[in-house]
Colleague: 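My questions all concern the structure below.
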Amino acid sequence: MGSERMEMRKRQMSVHQETVSSSQAQQGVGNRGSNACCFCWCCCCSCSCLTVRNQEDERTRRSSNEIRGAGIPNCEESPTPTLEDVYSWGQSFDKLMTTPAGRNAFREFLRTEFSEENMLFWMACEDLKKEANKNVIEEKARLIYEDYISILSPKEVSLDSRVREVINRNMLEPSQHTFDDAQLQIYTLMHRDSYPRFMNSAIYKNLLQTLSETTAES
């Protein structure tokens, strides 16, 4: 009887261990399945987030490129200046800068001195002042900063530290007037530095001579 009871207890213990082992195995599979689903979900979520982020980045780049592309042309459209127009440029820098033909001639001269970025910056600021859409203002301000203010830009304009501090504060909430101080400083620089040399340049003298001859012939 004792041996039979012992044998019975062994069989019960064996069945119990098999049941426990089977339960643990199923639980392990369940955990792996859950982890796999969780891992899969995380991957899908990550991929989805990356896809959305890449799409947003692409839209931002496309918007920036469109704004840049629609920006300042290499040469503004303008009627041929008259002799009186060209004479007036020699009398006033303001008159030179208020006419497209005058700006074109001045830009041509600035290219020879490798300082066209001063005129481009000034014109970009004028364009910014005409904008009313808040989102476009912010994007244009960012592009102006990247193109002409950043020390990493090859087209960086020369500004003093005070003006740079003003710009950095203004960039927290960009507006049409974010670069007003900088624009005035560059305008003054062109007036005092580049304009006198332009008046003595071959570009200005040749234009004046050509128009004088044309007027005399007519």
Side-chain angles (χ1 to χ4, degrees), residues 64-133 136-137 139-141 143-150 153-160 162-164 166-167 175-218:
S64 299
N65 290 335
E66 288 173 356
I67 291 176
R68 272 201 174 99
I72 302 168
N74 289 330
C75 183
E76 296 180 79
E77 292 185 6
S78 66
T80 301
T82 65
L83 183 59
E84 289 74 18
D85 289 334
V86 179
Y87 270 127
S88 71
W89 301 346
Q91 298 167 359
S92 167
F93 183 63
D94 291 339
K95 290 181 179 179
L96 170 71
M97 292 291 285
T98 54
T99 62
R103 291 193 295 270
N104 285 337
F106 193 43
R107 279 179 67 183
E108 184 181 353
F109 168 74
L110 291 176
R111 289 189 195 105
T112 67
E113 294 202 332
F114 305 101
S115 58
E116 185 187 12
E117 66 274 2
N118 290 330
M119 174 66 86
L120 295 176
F121 170 68
W122 184 87
M123 294 174 69
C125 292
E126 288 295 291
D127 179 65
L128 179 64
K129 291 176 181 178
K130 300 172 185 176
E131 187 57 59
N133 184 291
V136 177
I137 288 173
E139 184 62 17
K140 284 188 174 183
L143 293 176
I144 291 174
Y145 191 95
E146 289 180 357
D147 288 344
Y148 304 108
I149 309 301
S150 172
S153 173
K155 297 187 292 184
E156 177 196 5
V157 295
S158 179
L159 300 170
D160 61 37
R162 180 194 67 81
V163 171
R164 286 184 175 277
V166 171
I167 291 173
S175 72
Q176 296 102 319
H177 305 288
T178 293
F179 304 99
D180 281 4
D181 287 0
Q183 186 186 23
L184 177 59
Q185 190 168 101
I186 294 303
Y187 187 89
T188 303
L189 174 65
M190 291 190 293
H191 186 189
R192 293 178 179 175
D193 187 55
S194 303
Y195 175 62
R197 292 197 298 275
F198 169 70
M199 299 310 304
N200 293 314
S201 70
I203 291 175
Y204 179 73
K205 290 180 178 179
N206 289 343
L207 181 59
L208 197 61
Q209 181 179 352
T210 300
L211 290 173
S212 296
E213 293 173 353
T214 302
T215 303
E217 290 174 358
S218 59

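Note that this is a predicted model, so its numbers are computed, not measured. Heavy-atom basis, side chains included; hydrogens, waters and symmetry copies ignored.
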Colleague: Give me the atom names and distance for the closest heavy-atom approach of F179 to A141.
Modeller: CZ-O, 3.4 Å
Colleague: With the side chain counted from C-beta on, respond yes when I203 and L207 share a heavy-atom pair under 4.5 Å apart, and no when they do not.
Modeller: no
Colleague: Does the pair S194 and L110 meet the rule for a side-chain contact (heavy atoms from CB on, under 4.5 Å), with working shown?
Modeller: CA-CA 8 Å; S194 303; L110 291 176; 3.7 Å; yes
Colleague: Run the ring pair (Phe, Tyr, Trp, His ring centres under 6.0 Å) test against F93 and tell me which residues pass, sequence neighbours left out.
Modeller: F106, Y187, H191, Y195
Colleague: Using a 3.5 Å distance criterion without hydrogens, assess whether the side chain of N104 forms a donor-acceptor pair with backbone atoms of E76.
Modeller: yes
Colleague: Quick one: closest heavy-atom pair of Q185 and D160, and the distance?
Modeller: NE2-OD2, 2.8 Å
Colleague: Is any side-chain heavy atom of V86 less than 4.5 Å from a side-chain heavy atom of Y204?
Modeller: yes
Colleague: Please name the pair of heavy atoms, one in K155 and one in Y148, separated by the smallest distance, quoted to 0.1 Å.
Modeller: O-CD2, 3.6 Å
Colleague: Between atom CE of M190 and atom CZ of R197, what is the distance when rounded to the nearest 0.5 Å?
Modeller: 12.5 Å
Colleague: Q183 side chain to W122 main-chain N or O, any donor-acceptor pair under 3.5 Å?
Modeller: yes
Colleague: Charged N to carboxylate O below 4.0 Å: is that the case for E126 and K129?
Modeller: yes
Colleague: Would you call R164-E156 a salt bridge at under 4.0 Å N-O?
Modeller: yes
